[in-house]
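Scroll down for the structure; my scribbles are underneath it.
So that the names make sense, note that chain A is the first sequence line, chain B the second, and so on, each numbered from 1. Because the structure is a prediction, the values reported are computed rather than measured.
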Amino acid sequence: MNRSSITLLTAGFFVRDPRKVARSLLGKLLIRKTARGMLVGRIVETEAYLGADDAAAHSAAGKTARNAVLWGPPGHAYVYFIYGNHYCLNVSCLPDGAPGGVLFRAVEPLEGIEEMAAARGVEIRSAGDLKRISSGPGRMCEALAVTRDRDNGKNLVSSTSDLQIAEDGCRVKRVLVTPRVGITKSADQPLRYLIAGNSFVSR
DNA sequence: ATATCGATTATCT
DNA sequence: GATAATCGATATG
């Protein structure tokens with residue numbers, strides 16, 4: 001990570017098909033600013049959820065109070081609570097008024113690793129323990145202290161936001177595409193994107 | 001190593 | 001009342 005050349009993504013980055021956004025987000029940075037410093041992870045795994053023709057998307061059944069952010073302006077956080085235990089973070093895609101999003105499934109911890117491990121209750125005794133910090137949507141949210149109350153609807157490409165998506169010039173060599181994880185509807189579609197060979201992806 | 005299961009609650013039928 | 005874009009623990013090979 002080249003710290004001197006970190007730049008925020010623009011809202012325009014997200015005015016595209018979620019499949020394009022999901023693929024393009026690989027290698028980008030997810031940043032949480034805290035009073036104690038920055039938490040930074042490199043995005044290594046995403047899933048696209050299409051507004052239309054995607055039974056697995058939360059937007060499939062229409063706009064509700066829960067999923068309204070998916071219809072809102074691009075580059076905003078859609079956070080939902082699942083299985084009575086976990087939060088999951090998405091970013092809204094497509095122009096204001098059109099539903100669509102990308103789920104963040106895993107990041108590779110880069111900075112603030114001690115803080116993130118502590119938030120997860122993970123003790124770092126070996127290199128392998130690093131992989132348990134943020135390899136999975138629920139784990140990643142816990143590591144970055146992402147919750148619905150705090151972050152749902154937040155602009156992720158605003159310089160004043162404490163949760164941001166940025167880039168540092170990192171180039172991803174090869175991308176793997178597989179079916180999405182944990183869904184029952186439209187489970188066969190290849191809409192999960194991950195950096196080939198990266199060991200910080202989920203399961 | 002993989003398989004199965006319980007936790008726990010917002011949301012929708 | 002059923003389900004869910006998950007995780008961690010436990011059981012078994």
Can you see if the side chain of A:Thr184 gets near the phosphate of C:dT3 - specifically, an N or O under 4.0 Å from OP1 or OP2? no
Under 4.0 angstrom, heavy atoms only, what part of the nucleic acid is A:Arg120 near: base, sugar-phosphate, or nothing? sugar-phosphate
Classify A:Gly138 by what it touches in the nucleic acid, base, sugar-phosphate, or nothing, heavy-atom distance under 4.0 Å. sugar-phosphate
Less than 5.5 Å between centroids and less than 30° between ring planes, does A:Tyr83 satisfy that with B:dA7? no
Do any side-chain nitrogens or oxygens of A:Arg132 fall under 4.0 Å of OP1 or OP2 in C:dG8? no
Using whole Å, what does the distance between atom C1' of nucleotide C:dA5 and atom NE2 of A:His86 come to? 12 Å
Side chain to side chain contact (heavy atoms under 4.5 Å, CB included) with A:Leu29: which of A:Leu110, A:Leu9, A:Ile43? A:Leu110
So, under a plain 3.5 Å distance rule, would you say the side chain of A:Tyr80 forms a donor-acceptor pair with the base of C:dA5? yes
If every non-hydrogen atom of A:Arg180 is compared with every non-hydrogen atom of A:Ile183, which pair is closest and at what distance? NE-CD1, 3.5 Å
Could you state the CG-C1' distance from A:Asn67 to B:dA10, rounded to the nearest angstrom? 13 Å
Applying the 3.5 Å cut-off to both distances, the Watson-Crick or G-U partner of C:dA4 turns out to be B:dT9
For atom NE2 of A:His58 and atom C1' of C:dA4, their distance in whole Å: 7 Å
Rounded to the nearest Å, what distance is computed from the NZ atom of residue A:Lys185 to the P atom of nucleotide C:dA2? 17 Å
I need the CG-C1' distance between A:Asn85 and B:dT11, as an integer number of Å. 16 Å
Contact class for A:Phe81 vs. all strands (heavy atom < 4.0 Å): base, sugar-phosphate, or nothing? sugar-phosphate
Nucleotide C:dA5, atom P - distance to CD of A:Glu45 in whole Å: 16 Å
Looking at A:Lys185 and A:Ala56, what are the two nearest heavy atoms and their distance? O-CB, 3.3 Å
Minimum heavy-atom distance A:Pro137-A:Leu103, with the two atoms named: CB-CD1, 4.3 Å
For A:Arg203 and C:dA5, what is the distance between atoms CZ and P respectively, to the nearest whole Å? 14 Å
Write down the distance between OH (A:Tyr87) and C1' (C:dC7), rounded to a whole number of angstrom. 15 Å
Side-chain H-bond candidate by donor/acceptor type, A:Thr34 with A:Glu115, under 3.5 Å: no
Counting the atoms with a prime plus P, OP1 and OP2 as sugar-phosphate, which does A:Arg66 contact under 4.0 Å by heavy atoms, base, sugar-phosphate, or nothing? sugar-phosphate
Relative to the 5' end of DNA chain C, which residue comes earlier, A:Arg139 or A:Ile183, by the nucleotide with the nearest heavy atom? A:Ile183
Quick one: on DNA chain B, does A:Arg148 or A:Gly84 contact a more 5' nucleotide (nearest heavy atom)? A:Gly84
Want to settle it: does A:Thr64 or A:Ile82 sit nearer the 5' end of DNA chain B, counting the closest nucleotide to each? A:Ile82
